[in-house]
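What follows is a single structure, written as structure tokens, with notes after it.
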Amino acid sequence: MSFYLAALVAIIATLRVITCRVPVHALLYLVVSLLAVAVVFFTLGAPFAAALEVIIYAGAIVVLFIFVVMMLNLGEATAAQEQAWLTPGIWLGPGVLCAVLLGMLLWTFASGSTSVAGHPVVPPREVGLALFTRYALVVELASLLLLAALVGAFHVARLGEREGGHR
Amino acid sequence: MNGIPLEHSLVLAGILFSLGLAGVLVRRNLLFVLMGLEVMLNATGIVFVAAGAHYGQPDGQVMFLLVLTLAAAEAAIGLALLLQVYRKFRSLDVDALNEMRG
């Protein structure tokens with residue numbers, strides 16, 4: 001039951017992500033969509049993946065997007081824009097979707113069962129064991145990928161500074 | 001089994017992936033294109049986690065972790081490139097890149 005409700009919330013929020021005009025509003029709906037997918041993971045018996053979804057997707061990656069939106073808005077009259085963005089109508093959509101998710105969370109706590117949909121829960125311990133025994137090489141590759149992304153992002157972001165005015 | 005059928009998770013992932021793909025194809029703002037890519041990668045993660053839950057194995061969540069790593073790397077590089085595009089063209093329109101020659 002909560003799987004289908006969360007799936008519905010995810011689909012509605014994602015639909016709003018690709019139809020919103022203002023990037024910040026789309027980011028709001030993106031956060032809601034990712035939280036709904038985290039609930040889906042939880043109902044599927046994958047609490048570790050649900051926690052990572054909230055921490056890394058809804059936390060780190062969306063914050064990265066918000067930083068970029070903030071950097072792009074530097075030169076404009078941002079105060080009036082913020083005033084226009086803070087009307088209640090804009091917060092209503094994500095607010096209602098988040099309230100649905102909160103209601104599901106409270107209902108889960110009230111019913112007192114950890115496995116929502118009857119799926120066998122795959123605990124984080126098993127994931128960690130698999131990650132650092134069978135998949136140790138893959139973890140190394142992922143770390144290399146992250147290092148490459150770090151160096152690449154740093155280099156690309158500095159391109160304009162070094163080239164200066166010769167273009 | 002008494003849980004959620006695998007097909008329903010796959011349908012959800014398919015819908016989300018299609019929505020992300022539509023966002024990538026339809027929107028001309030680079031920021032929205034990157035958001036669509038995130039949604040698509042997220043849908044891929046749903047498939048991995050659903051398959052892992054279906055077979056009761058931790059491998060699905062391990063693969064989801066790798067998708068997460070990939071998404072983080074992609075977001076970092078993509079947003080850095082986006083900043084460069086904005087610095088050069090003063091616009092986030094994808095069609096502005098059309099005029100980039102040699």
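Numbers restart at 1 for each chain; the letters A, B, ... are given by sequence-line order, proteins then strands. Note: hydrogens, waters and symmetry copies are ignored here, and every other heavy atom, side chains too, is used.
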Greatest number of heavy atom pairs closer than 4.5 Å to chain B - which of A:V127, A:L141, A:V139: A:V127
When A:L30, A:L146, A:V37 are compared by non-hydrogen pairs under 4.5 Å with chain B, the top option: A:V37
Would you name the heavy atoms of [X] and [Y] that are closest together and state the gap between them?
X: B:A73; Y: A:A149; result: CB-CB, 3.5 Å
X: B:L31; Y: A:V68; result: CD1-CG1, 4.4 Å
X: A:A130; Y: B:P58; result: CB-CG, 4.0 Å
X: B:A75; Y: A:I61; result: CB-CG2, 3.9 Å
X: A:R134; Y: B:D59; result: NH1-OD2, 3.3 Å
X: B:Q57; Y: A:V122; result: O-CG2, 4.2 Å

Side-chain contact test, heavy atoms from C-beta onward, threshold under 4.5 Å: evaluate it for [X] versus [Y] and give yes or no.
X: A:L145; Y: B:L70; answer: yes
X: B:E38; Y: A:L34; answer: no
X: B:Q61; Y: A:F41; answer: no

Value rounded to 0.5 Å, distance of [atom1] in [X] from [atom2] in [Y]:
X: A:I18; Y: B:F32; atom1: CD1; atom2: CZ; value: 10.5 Å
X: A:T14; Y: B:I15; atom1: OG1; atom2: CD1; value: 10.0 Å
X: B:L65; Y: A:I56; atom1: CG; atom2: CD1; value: 6.5 Å
X: B:M35; Y: A:F65; atom1: CE; atom2: CZ; value: 6.0 Å
X: A:M71; Y: B:L79; atom1: CE; atom2: CG; value: 10.0 Å
X: A:L72; Y: B:R87; atom1: CG; atom2: CZ; value: 10.5 Å

Within one Ile-Leu-Val-Met-Phe-Trp-Tyr cluster: [X] and [Y], side-chain cutoff 4.5 Å:
X: B:V62; Y: B:Y55; value: no
X: A:I55; Y: B:I46; value: yes
X: A:L64; Y: A:F154; value: no
X: A:L15; Y: B:L25; value: yes
X: A:V138; Y: A:F132; value: yes

Is it the side chain or the backbone of [X] that comes within 4.5 Å of chain B heavy atoms, both, or neither?
X: A:V40; result: side chain
X: A:Y4; result: side chain
X: A:R21; result: backbone
X: A:A49; result: both
X: A:F48; result: both
X: A:S143; result: neither

Step-by-step side-chain contact (heavy atoms from CB on, under 4.5 Å) determination, B:V49 to A:E53: CA-CA 11 Å; B:V49 171; A:E53 175 91 12; over 6 Å; no
Heavy-atom distances under 4.5 Å only: say whether [X] touches chain A with side chain, backbone, both or neither.
X: B:L81; value: both
X: B:L66; value: side chain
X: B:L12; value: side chain

Top of B:A22, B:S9, B:G36, B:G60 for chain A proximity - count of heavy-atom pairs under 4.5 angstrom: B:S9
Largest heavy-atom contact set with chain A, pairs under 4.5 Å, which of B:L83, B:L41, B:L68: B:L68
Parallel, tilted or perpendicular: rings of B:F64 and A:Y57 (30°, 60°): tilted
